[in-house]
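Heavy-atom basis, side chains included; hydrogens, waters and symmetry copies ignored. FYI, the numbering just counts along the sequence from 1. Not measured: the values here are computed from a predicted model.
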Amino acid sequence: MTANRDELINLIEGLPDDQVEVVLADVRRLTAKHPVREWPPRFFGIGESKDRRTDNARRVDEILAEGFGARRS
């Protein structure tokens with residue numbers, strides 16, 4: 001065993017019980033053959049319009065003309 005593996009084992013053994021699930025989920029994610037990805041990704045919905053229109057791609061010029069990143073009230 002390497003020194004890093006020994007340190008990892010010692011750190012895990014010292015974890016409080018309420019942190020075990022969090023660390024275990026991360027370790028499972030890191031060791032999975034196919035990484036588990038959340039769905040939908042966090043960036044989904046960033047193009048939603050205030051009035052729930054679904055044609056944002058067609059309206060890109062109109063949306064940008066309103067001010068990129070401008071907050072509407």
Side-chain angles (χ1 to χ4, degrees):
M1 255 192 260
T2 65
N4 286 339
R5 187 174 292 270
D6 286 336
E7 180 182 1
L8 179 59
I9 291 168
N10 287 331
L11 289 170
I12 290 170
E13 288 174 348
L15 275 175
D17 287 342
D18 64 330
Q19 292 295 308
V20 171
E21 262 320 298
V22 175
V23 173
L24 185 57
D26 282 342
V27 172
R28 285 178 178 148
R29 182 182 50 80
L30 292 170
T31 58
K33 290 182 182 175
H34 302 287
V36 177
R37 299 199 173 148
E38 66 181 55
W39 191 260
R42 288 183 297 193
F43 65 83
F44 267 43
I46 61 173
E48 288 182 3
S49 65
K50 184 177 178 183
D51 52 4
R52 299 282 189 211
R53 291 179 64 167
T54 59
D55 61 346
N56 292 329
R58 265 189 226 110
R59 299 175 46 239
V60 66
D61 292 329
E62 176 188 337
I63 293 168
L64 291 175
E66 292 174 3
F68 184 71
R71 293 188 178 247
R72 292 183 253 171
S73 51

Please check if Val27 and Leu15 belong to a single hydrophobic cluster, counting links between Ile, Leu, Val, Met, Phe, Trp and Tyr side chain heavy atoms closer than 4.5 Å. yes

Going by chain and number, the hydrophobic cluster around Val22 (ILVMFWY, side chain to side chain under 4.5 Å) further includes none

So the salt bridge (Lys or Arg N to Asp or Glu O under 4.0 Å) pairs with at least one residue in residues 4-27 (sequence neighbours excluded) are Asp26-Arg29

